[in-house]
Amino acid sequence: PHALRALWQPPLAFLSVFVALLLAATPTAIAPASSLRYATGYLGVEVIVAMVAFVFTPQLALRGLLGALAFKVIGSLPMMALASSWFLGDRFQGLAGNPNPMGAVAGLAYLLIVFGGGLEGRRTAGRLAFVGLGLASTFVLAECRSYSALTATMGALMALIALAWRGGGRVGALPLRRSSWVIAAALLIPIAMVELGGPQRSSSATLGL
């Protein structure tokens, strides 16, 4: 009940109005079934966001989100052997079916590892798993050759560092330890090298995005 009442409180109220109008307009759409699918999808995401905010701690919510992104990153790796998984021959598109959103998934997974302090404070096996996922995410991000995903990842990383510096090592309710973002910044070097030294690639406009 608390989560449902939250749908009409800022900032979710704007999305609630949007979903309500979208549902109301569905019968008049050219493709009503598709319109209904998108509207119910937005509604489902909104309800999940509200439930997570009320039920889970920030750390638990972060782990759940990281798990969902890690599934896409790890699941995409075997697809690198398929020629159909490469856009224009040199841009990996993975499970997302497009290099730009696939790069965004990899960048978000990488940032959540840093944000959750996953690179330290754990037993050796757990730390190795997080480092492995971090390297897989940077590798996928590099092979997607997406300027937008790389820019967003680096910009968000710098914002996290600035927030942690101002917050005495914490961002909101979560700690961001100094060694985590130092290691994270070092892991970005291979991506920058691939992006700056790689072959010519398509822009977002070419992809129709």
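Just so you know, these numbers come straight off a predicted model, no measurement behind them. These numbers come from the heavy atoms of this one structure, side chains and all, not from hydrogens, waters or symmetry mates.
Side-chain atoms of Ser76 come within 3.5 Å of backbone N or O of Lys72 as a donor-acceptor pair. Thr138 places a side-chain N or O within 3.5 Å of a backbone atom of Leu135 that can act as its donor or acceptor partner. Put simply, the side chain of Gln93 never gets that close to the backbone of Cys144: no donor and acceptor are under 3.5 Å apart. Side chain of Arg91 to main chain of Trp86: no donor-acceptor pair is present (N/O by atom type, distance under 3.5 Å, no hydrogens or angles). With hydrogens and angles ignored, the 3.5 Å screen pairs a side-chain donor or acceptor of Thr26 with a backbone N or O of Leu22.
Residues Val140 and Met80 share a closest heavy-atom pair of CG2-CE, 4.2 Å. The shortest non-hydrogen separation linking Ala149 to Asn100 is CB-O, 4.2 Å. Contact between Leu95 and Gly75 at its shortest, heavy atoms only, is CD1-C, 3.9 Å. Listed here is the closest heavy atom pair of Phe130 and Ile113: O-CD1, 3.8 Å. The shortest heavy-atom contact between Ala109 and Val73 is CB-CG2, 4.2 Å. The heavy-atom pair separating Pro99 from Phe87 by the smallest distance is CG-CB, 3.7 Å.
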*Passes side-chain contact (heavy atoms from CB on, under 4.5 Å), Phe139 versus Glu143? Steps please.*
CA-CA 6 Å; Phe139 177 67; Glu143 293 303 318; 3.9 Å; yes
*Please test Leu36 against Leu23 for side-chain contact (heavy atoms from CB on, under 4.5 Å), starting from the C-alpha separation and ending with a verdict.*
CA-CA 7 Å; Leu36 180 62; Leu23 286 170; 4.0 Å; yes
*asked:* Working note: Leu133 + Leu66, criterion side-chain contact (heavy atoms from CB on, under 4.5 Å); need CA distance, chi angles, decisive distance, verdict.
replied: CA-CA 10 Å; Leu133 178 58; Leu66 178 58; 4.1 Å; yes
*Show the numbers, then the answer: is there a side-chain contact (heavy atoms from CB on, under 4.5 Å) between Met102 and Ser146?*
CA-CA 9 Å; Met102 190 65 232; Ser146 171; over 6 Å; no
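There is a path of hydrophobic side-chain contacts, each under 4.5 Å, that joins Leu112 to Leu77. There is a path of hydrophobic side-chain contacts, each under 4.5 Å, that joins Leu43 to Val45.
To the nearest 0.5 Å, atoms CD (Glu46) and CZ (Phe18) are separated by 10.5 Å. To the nearest 0.5 angstrom, Arg145 atom CZ is 12.0 Å from Leu88 atom CG. Summarising the geometry, atom CG belonging to Leu111 is positioned 5.0 Å from atom OG1 belonging to Thr153; distances are rounded to the nearest 0.5 Å.
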